[in-house]
Trainee: 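I am attaching a structure below and will ask some questions about it afterwards.
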Amino acid sequence: MSASSAAKLADDRATAAGGLSRKVVLQRVALYAPRQPIYQREVRGPWQDMRAALLFILAGFYLALPWVGWSGRQAVWFDVPGRKFYLFGLTFWPQDFIYLAGLLILAALSLFFFTNLAGRLWCGYACPQTVWTKFFMWIEWLVEGDRNRRIMLDRGPWNRARILRKATKHAAWLAFSCAVGVTFVGYFIPIRELLPRIASADLGGGEIVFVTIAWLALYFDAGFMREQICKYACPYARFQGAMFDRNTLSIFYDRTRGEPRGHRRRGADSSGLGSCVDCNLCVHVCPTGIDIRNGTQSECIGCAACIDACDQVMTEVGYPKGLIRYTTESALAGEEMSLLRPRVVAYGAVLTVVAGALAVGLARRAPLDVDVIRDRARLYRELSGGLVENVYTLKLMNKSQHEQTYFVSADAGFTLVAPPLVVVAPGEIKDVPVQVRANRRSLAATSTPLAFVVASVDADVSVTETGSFLAPASMVRANADKEETR
Ligand code: SF4
Ligand code: SF4
C-alpha cells in the first residue's frame, strides 16, 4: 500500500470514528519554514543613525582588539593549548573557572534586566548576528541597489549585468567574512603570528579547518540564513516572552491611533480613518519581514527601523510622529507608564551584587596558585637517625605578568630538602619536587597536617597550601609506648 493510500485509509477511518479527531491525527505541523527572500528597504532616521554608529563601534572594537598588545603578548588571547585565557593584565587558568561562571551569570542577569526594562535591546543593537547581517545588507545595497532594484534584478534574466552584480556581491561577502573569520581565529592564535602564516600557507590541518569554518560560517549565516537564525536557532527569541510584562518598554504600533488604516488623498476628507495611511513602509524596512501592526511578534528583533520609516511618513502627511514608537503595553492602554517595577529593581539589585562580588573577587585574586601533589609511588621513606621522609611535587602557577622568585618553606618541625628559591616565568606552571623530613619523635599520628608556605621575593604575595605527612604505624606506636613508659 502506498503512503498516500495509507494516509487516505487512516483519514477515512478517522472520519468514520468521529470526524473531529481526524485533523488531530493527520495534521502535520511544519517546524521549519524555508526562507522567503526579504527585500529590505534602506531607511534613515535618528534610531537607524544611532544604530549604525553603534554597529560600527562594535565591529571596529571586535576587529581591532586582537591587535592590542599587553606586556609583550596579545591583550585578549584564548590560549587553548596552553589552557590559559589572557585578558589584559589578568591571566585565567582552568582553576579560575569560578570567574567564568560568574561572568556567565552576570551576562544572563544583564539580559534579564535589560529585556525586562526595555525589550530586545541586545537583539536590535548589539547581537553579533545583527551586527554582521547589517554589514552584509549594506554590501548588498551598495552592489545591487535598494529594494526595487534588487527585486527587478532577481526577477530579470541571468544576463551579464546580473551575473556581474551577483559575483561582485558574493566576492565582497566572502572577503568581508574572511576578515571577520580570521579575526575570530586571531583571538585563539595570536593574530600577528596567524596572518604571516596564512600568507605563507604555513597552517596545520586543524588550523585550516578552524579558519575555514569561521570564514564560511559567517558567509552562510549573514548572507543566506539571516533572520532564520533568529527565528529557529536563537533560544533567546523563544524565552524572551517570559521576561516581558505590560510595563516593558518595547516597539509598538499604536492601534488606537492608527486604525482604521487606509490610503487617503491629500486634501480629501479622512475623518473616518486613523493615522496609518497603509503605505506598508514599516513592513518594507523590516529586516525580518514582519508587520508590526499585527502586534508583538517573536520575529521582531527591536531594530526600530519601522519607527524611523513611519515617522518619515507621518511627517510627510502632516501627522504627529510616534504612530510606531517605544512605549509600553500599559501606556498604550492609557495607564501610567512605570519603568521601575519590583522585577526590574530585583534584577538590578542581584546584578549589582553579582557584579560587585566578581569585581572584588578579581581584585583580591592572588597572582599565585600552589598545588601540593604527594608522590604516590612511595608513601614514606625511613632514614637513618630516626628520620622519616615524604616526597611531594609543588605546582607553582605564576599568574602575574612578571617573572617571580618564590621562597618555599614548611611548618616548624619539618625540614625541606629542596632549593628554597624557585624562579617562575609569567604565566608558567613549574613543578618543583621537594623532600620533607621529620624526626620520628615529633610525629604523633600516621598522618600529620603539613603546611607549605610559598612567598614571592619580588611582591607581597604568599600562599599557604596544606598536605599531609605520612609515617609508618610502627614508629607512631613506638612513640606512644615511650610516652606511656614515662
Ligand atoms: S509606515 Fe506607518 S503609516 Fe505606513 S503602514 Fe506602517 S504604520 Fe501605517
Ligand atoms: S517590526 Fe520593526 S523593530 Fe521589529 S524587526 Fe521589524 S522593523 Fe525592526
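As the structure is a computational prediction, the values presented were derived from the model and not from experiment. These numbers come from the heavy atoms of this one structure, side chains and all, not from hydrogens, waters or symmetry mates. Both counts, for ligands and for their atoms, begin at 1 and track the order of listing.
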Trainee: Between Y347 and S110, do the side chains contain a donor N or O and an acceptor N or O under 3.5 Å apart?
Mentor: no
Trainee: Is it true that Y39 and D154 share a donor-acceptor pair across their side chains at a distance under 3.5 Å?
Mentor: yes
Trainee: Heavy atoms only: give me the nearest C276-R293 pair and the separation to one decimal.
Mentor: SG-NH1, 3.4 Å
Trainee: Which atoms of ligand 1 have any heavy atom of I324 under 4.0 Å away?
Mentor: 7 (S)
Trainee: Report the part of I292 (side chain from C-beta onward, or backbone N, CA, C, O) that has a heavy atom under 4.0 Å from ligand 1; answer both or neither where that applies.
Mentor: neither
Trainee: Quick one: look up the protein heavy atom nearest atom 3 (S) of ligand 1 and list residue, atom name and how far away it is.
Mentor: V277 N, 3.5 Å
Trainee: So, Y253 and E259: side-chain donor and acceptor under 3.5 Å apart, yes or no?
Mentor: yes
Trainee: Can you tell me which residue and heavy atom of the protein come closest to atom 8 (Fe) of ligand 1, and the distance to 0.1 Å?
Mentor: C276 SG, 2.3 Å
Trainee: Just which atoms of ligand 1 are under 4.0 Å from any heavy atom in M314?
Mentor: 3 (S)
Trainee: Between I290 and ligand 2, find which residue part has any heavy-atom pair under 4.0 Å and reply side chain, backbone, both or neither.
Mentor: side chain
Trainee: In terms of residue, atom name and distance, what is the protein heavy atom nearest to atom 6 (Fe) of ligand 2?
Mentor: C286 SG, 2.3 Å
Trainee: For a ring-ring contact (aromatic ring centres under 6.0 Å, His included) with Y187, tell me which candidate from W77, Y62, Y86 qualifies.
Mentor: Y62
Trainee: So, R41 versus N148: side-chain donor-acceptor pair below 3.5 Å or not?
Mentor: no
Trainee: Would you say Q40 and R150 are linked by a side-chain donor-acceptor pair, where the criterion is simply a distance under 3.5 Å?
Mentor: no
Trainee: Run through R165, K169, R149 and flag the one making a salt bridge (Lys or Arg N to Asp or Glu O under 4.0 Å) with E144.
Mentor: K169
Trainee: Considering heavy atoms of the protein only, find what lies nearest to atom 5 (S) of ligand 2 and give residue, atom and distance to 0.1 Å.
Mentor: I301 N, 3.4 Å
Trainee: Does ligand 1 have an atom under 4.0 Å from some heavy atom of R261?
Mentor: no
Trainee: Do T328 and S330 have side-chain atoms, one donor and one acceptor, less than 3.5 Å apart?
Mentor: yes
Trainee: Is it the side chain, the backbone, both or neither of C282 that has a heavy atom closer than 4.0 Å to ligand 2?
Mentor: neither
Trainee: Nearest protein heavy-atom contact for atom 4 (Fe) of ligand 1: which residue, which atom, what distance?
Mentor: C279 SG, 2.3 Å
Trainee: Mark up the atoms of ligand 1 that fall under 4.0 Å of a heavy atom belonging to R293, in ascending order.
Mentor: 5 (S), 7 (S)
Trainee: Counting backbone and side-chain atoms alike, is an N, O or S atom of C310 positioned under 2.8 Å from atom 4 (Fe) of ligand 1?
Mentor: no
Trainee: Can you tell me which portion of N280 lies within the under-4.0 Å heavy-atom range of ligand 1? Options are side chain, backbone, both, or neither.
Mentor: backbone
Trainee: Taking 2.8 Å as the cut-off, does C303 contribute an N, O or S atom near atom 4 (Fe) of ligand 2, distance below it?
Mentor: no
Trainee: Confirm or rule out an N/O/S atom of C306, from backbone or side chain, lying less than 2.8 Å from atom 2 (Fe) of ligand 2.
Mentor: yes
